[in-house]
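Working notes for the structure below.
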Amino acid sequence: MRELLTETTARRSLDLSDLPPAEQAALIAARSQQLQPSADALAARIVSAAEKGRPFVAKFGIDPTGAEVHLGHSVPMQILSRFQRMGHDVVFIVGDMTAKIGDPSGRSDDRPALTDEDIEHNLATYREQVSPFFDFDRAHFRRNGDWLRKITLPEIIGITAQIPVSMSLQREDFRKRLDAGQGLSLAELMYSIVMALDSVEINCDLEVGGIDQFLNMQMCRKVMEISGQVPELVVATSLIEGTDGTGAKMSKSKGNYVPLTAAPGEIFGKIMSVPDRLVEPYFRALSEWLDAELAVAAERVAAGTLHPMDLKKVLAGEVTAAIHGVDAAMKARDEFAARFSRRTFAEVDDLPTVADLGVSVTEAVKALGFAASNGDVRRVAQQNGLRLVVEADGEQEQLSLTADDARAVLADLVKDRLDGKTGDYFLKVGRKLARIRAD
RNA sequence: GGCAGGUUGCCCGAGUGGCCAAAGGGAGCGGACUGUAAAUCCGUCGGCUUAGCCUACGAAGGUUCGAAUCCUUCACCUGCCA
């Protein structure tokens, strides 16, 4: 396991600059949901850039509004990382101007006015979180406000005159909103055009984005053409589904995401809670595993020689290792096993701890963040989810607490119920677990 | 500018004077079963000092014994017409 993780994690920094253009294109194609117009075109463009002695430029737009970054965001970053390692230029377009419109794909309602400091701060946070997946020191950053502010009305008219409204209205979400009478602002309709001006500005060779940006990126191609440039190629990455298995894409608003700032144990655990059917897509989007390796794994699972859960453990380890390193991943794996397989809580290191035994159980649970309100605690207790656990020599005993017990002072409860029993004490609230410091 | 319609709990959505802390669905949470998987079943799902009280149906006022429901004003959204 350790060897496997060490090997696959190392691939993240593998130099790909010797890869022939056709193989570069094939690798990118295998990891994107859409590659437009084709893998051959990508190879050709790489060749032609090299012949002209200029860098091949890959563009990626980032939103400077400071949304928390999660695993879903790392997917395009890994594609970009491959481009970078292939020896190409990666340019990040910081959308300080486009943020004022608000991406209609996301439909965020608040469009906060961002100060320069905000943007700097958000950018720094972003870089820090995503840095396991990408080497920012070797990338360029450009703010689109720098050129968009200078665009004149005649220029805009000149471009928009050549774009049929029907093109913008191809988007299903726009049509739906119009049909549903929800309205659509002209600014939103303009969003993709504004974004396209970025591509023109940097004379972009290829743009990377989520599949939700596909039509926006089509517009980039169109506008580049209007402007007399060769249209960029488009790589659309798949959107990974959230950990909840409802089929919705991973997003903060759904709460089904894995934050990149999460502790190793949390990342490992969240991946383990993902439905089995997502294991392969996750591998494809989040790891450097090769198609051939994935095929072997799939075969073995189908043949029954590899337990789906074991494969998922490898995935969880892979992702954890990418962010926190192999050692942390191995530790997370061991603790996961201790906690959920062997159920020996004492071996788990990174548990939250109840330090103050002088308060009621309810207060302690709230302080841990395991419940939002007293009613919450009461409910869990009534449903047999609130338990006091004592563990000694790998043996453990769980005592269910009633709603009345929850009102009692923790220290008294521990004394009354567990008196005479030695060992480690834990408090279990549903699936969540905390250590109780024994005095 | 004129006319019409809308704004309900995390989300969708019912509700046109008392039986409404508000139907139904989804998400969430807990339990059983498991592999913290899927599927299934059961329960729960505003807050509190919980047989009671408080806060809530865009905002503020008003009518009424009583308002999510009626009236007035305001805000926002939408449609049709100009």
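Atoms considered below: every heavy atom in the structure, side chains included; atoms not considered: hydrogens, waters and symmetry mates. By convention in this document, chain letters (A, B, ...) are assigned in the order of the sequence lines, proteins followed by strands, and residues within each chain are numbered from 1.
Between A/F336 and A/F340, the angle of the ring planes lies from 30° to 60°, which puts this pair in the tilted group.
A salt bridge is absent between A/D412 and A/R417; no separation between the charged side-chain nitrogens and carboxylate oxygens falls under 4.0 Å. With respect to the salt-bridge test (charged N to carboxylate O, under 4.0 angstrom), the residues A/D310 and A/R300 do not qualify.
A/G375 comes within 4.0 angstrom of a base, heavy atoms only. No contact: A/R407 has no heavy atom under 4.0 Å from any strand. Here A/V279 lies out of heavy-atom contact (under 4.0 Å) with every strand. Within the 4.0 angstrom heavy-atom criterion, no nucleotide atom of any strand lies near A/D376. Across all strands, A/P308 comes closer than 4.0 Å to base atoms (heavy-atom distances).
Here the side chain of A/N374 is nearest to one of B/U36, B/U49, B/G30, namely B/U49.
At the phosphate of B/G31, neither OP1 nor OP2 sits under 4.0 Å from any side-chain N or O atom of A/R431. Close to B/C48, at under 4.0 Å from its OP1 or OP2, lies a side-chain N or O of A/S373. Considering only side-chain N and O atoms, A/R379 lies under 4.0 angstrom from the phosphate OP1 or OP2 of B/G47.
Comparing A/F268 and A/K432 along RNA chain B, the residue whose closest nucleotide (by nearest heavy atom) sits nearer the 5' end is A/K432.
What separates CE of A/M272 from P of B/A38 is a distance of 12 Å, to the nearest Å. When rounded to the nearest whole Å, the span between CZ of A/F336 and P of B/A37 equals 8 Å.
The closest donor-acceptor contact from the side chain of A/T402 to the backbone of A/D405 lies under 3.5 Å.
A gap of 14 Å separates the C1' atoms of B/G13 and B/G6, to the nearest Å. Between the C1' atoms of B/G31 and B/G24, the separation comes to 24 Å (whole Å).
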